[in-house]
J.: 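I am attaching a structure below and will ask some questions about it afterwards.
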Amino acid sequence: MSKNIVLVGFMGTGKSEVGILLAEKLKRRFIDTDKIIEEKEKDRIARIFQVKGEEYFREVEEQIIEEVSKYENCVIATGGGALIREKNYLNLKRNGVLICLTASPEEIYKRTLPKKDRPLLMRSKNVIETIKELLEIRKPYYSKADYTIDTTNKKIEAVVEEIIKIIEKNGEN
Ligand code: S3P
């Protein structure tokens, strides 16, 4: 049985992009929990937040995480708030190695700004301040990951290589 590689961390740290390439290189299936939520709800995340609220989104997210945590040998990219719920952490950890991607607030700002699809940021009057505040609040949750990689000023390929090295070196595969 092979553990899942689970990418956690704040919005704009590259979880999905890194996850896709990592899965390709390791010949593993790629799972994106936000994408599954959108398929299940037949709506975009931003609209789910707007119409049904964050609590509803978190409930669906919890169910999806419980489901995908049963998989093996996958690369799983999670939404930035996944670890807020202890249950999600425990589920993901059961058969997964958790890798937290980080980036500076400025880099996160640059990466998320053009997309305008992050419900927790798009209504903020001072996005960089909101990013800093959320990062501070979430620090204790992200610090529970097994490994942390700073992606600031790094290409996706470089982050993928770093993850592969960590996995191999620590026998996490
Ligand atoms: C969220 C991050 C988003 C998405 C939702 C909530 C968060 O995912 O799950 O908008 O609470 O940080 P990304 O980290 O992929 O942007």
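Each ligand, and each atom within it, is numbered from 1 in the order the structure gives. Please read all numbers here as calculations on a predicted model, not as lab measurements.
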J.: So, does E54 sit close enough to ligand 1 that a heavy atom of it is under 4.0 Å from the ligand?
T.: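 The answer is no: ligand 1 sits nowhere under 4.0 Å from a heavy atom of E54.
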J.: Which residue and non-hydrogen atom of the protein lie closest to atom 16 (O) of ligand 1, and at what distance in Å?
T.: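 It is R118 NE, 2.6 Å.
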J.: Can you sort out the partners of F57 under ring pair (Phe, Tyr, Trp, His ring centres under 6.0 Å), two or more places apart, ordered by chain and number?
T.: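 Partners of F57 by the ring pair (Phe, Tyr, Trp, His ring centres under 6.0 Å) criterion, ordered by chain and then number, come out as F49.
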J.: Any N or O on G80 sitting closer than 3.5 Å to an N or O of ligand 1?
T.: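 By distance alone, the answer is yes.
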J.: Keeping K139 on the side-chain end and L135 on the backbone end, is there a donor-acceptor pair under 3.5 Å?
T.: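 Such a contact is absent between K139 side chain and L135 backbone.
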J.: Can a donor-acceptor pair be found between the side chains of Y141 and E86 at a distance below 3.5 Å?
T.: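 Y141 vs E86: no donor-acceptor pair found between side chains.
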J.: Strictly by modelled atom types, are Y56 and E41 linked by a side-chain donor-acceptor pair under 3.5 Å?
T.: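 Yes, because at least one side-chain N or O of Y56 sits under 3.5 Å from a partner of the opposite role on E41.
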J.: Donor-acceptor pair, distance only, cut-off 3.5 Å: does the side chain of N4 make one with the backbone of V6?
T.: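 Such a contact is absent between N4 side chain and V6 backbone.
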J.: Taking 4.0 angstrom as the limit and counting only heavy atoms of I45, give me the atoms of ligand 1 inside it, by number and element.
T.: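 Heavy-atom distances to I45 below 4.0 Å select 5 (C), 10 (O).
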J.: Write out the residue and atom name of the closest protein heavy atom to atom 4 (C) of ligand 1, then the distance separating them to 0.1 Å.
T.: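 Ranked first by proximity to atom 4 (C) of ligand 1 is D34 OD2, 3.2 Å.
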J.: Record the part of L120 in heavy-atom contact with ligand 1 below 4.0 Å; permitted values are side chain, backbone, both and neither.
T.: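 Side chain only; the backbone of L120 stays clear of ligand 1.
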J.: Output the list of atoms in ligand 1 that are nearer than 4.0 Å to some heavy atom of G81, sorted by atom number.
T.: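 Per the distance check, 1 (C), 7 (C), 11 (O), 12 (O).
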J.: Does the N or O separation between T78 and ligand 1 drop below 3.5 Å for any pair?
T.: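 The answer is no, given that T78 and ligand 1 share no N or O pair closer than 3.5 Å.
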J.: Run the numbers for me: atoms of ligand 1, each under 4.0 Å from some heavy atom of P119, listed by number.
T.: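 In order of numbering, the contacting atoms are 10 (O).
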J.: I'd like a table of donor-acceptor pairs (distance under 3.5 Å, sequence neighbours excluded) in which one partner is a side-chain atom from residues 105-114, with atom names and distances.
T.:
from	atom 1	to	atom 2	distance (Å)
E107	OE2	R111	NE	3.2
E107	OE2	R111	NH2	2.9
R111	NH1	G12	O	2.8
R111	NH1	T151	OG1	3.1
R111	NH2	T151	O	3.0
R111	NH2	T151	OG1	3.3
T112	OG1	I108	O	2.8

J.: Looking at non-hydrogen atoms alone, which of K15, R111, R58 comes nearest to atom 11 (O) of ligand 1?
T.: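 Closest candidate by heavy-atom distance is R58.
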J.: Step through the shown structure and confirm whether more than 12 heavy atoms of other residues, nucleotides or ligands are within 6.0 Å of NZ on K35.
T.: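 Open.
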J.: Should L98 and I167 be regarded as members of a common hydrophobic cluster, given that ILVMFWY residues are connected when their side-chain heavy atoms come within less than 4.5 Å of each other, either directly or indirectly?
T.: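 No; tracing contacts between hydrophobic side chains, which count when under 4.5 Å, never links both residues.
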J.: Quick one: nearest non-hydrogen protein atom to atom 12 (O) of ligand 1, plus distance?
T.: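 Ranking protein heavy atoms by distance from atom 12 (O) of ligand 1, first comes R138 NH1, 2.6 Å.
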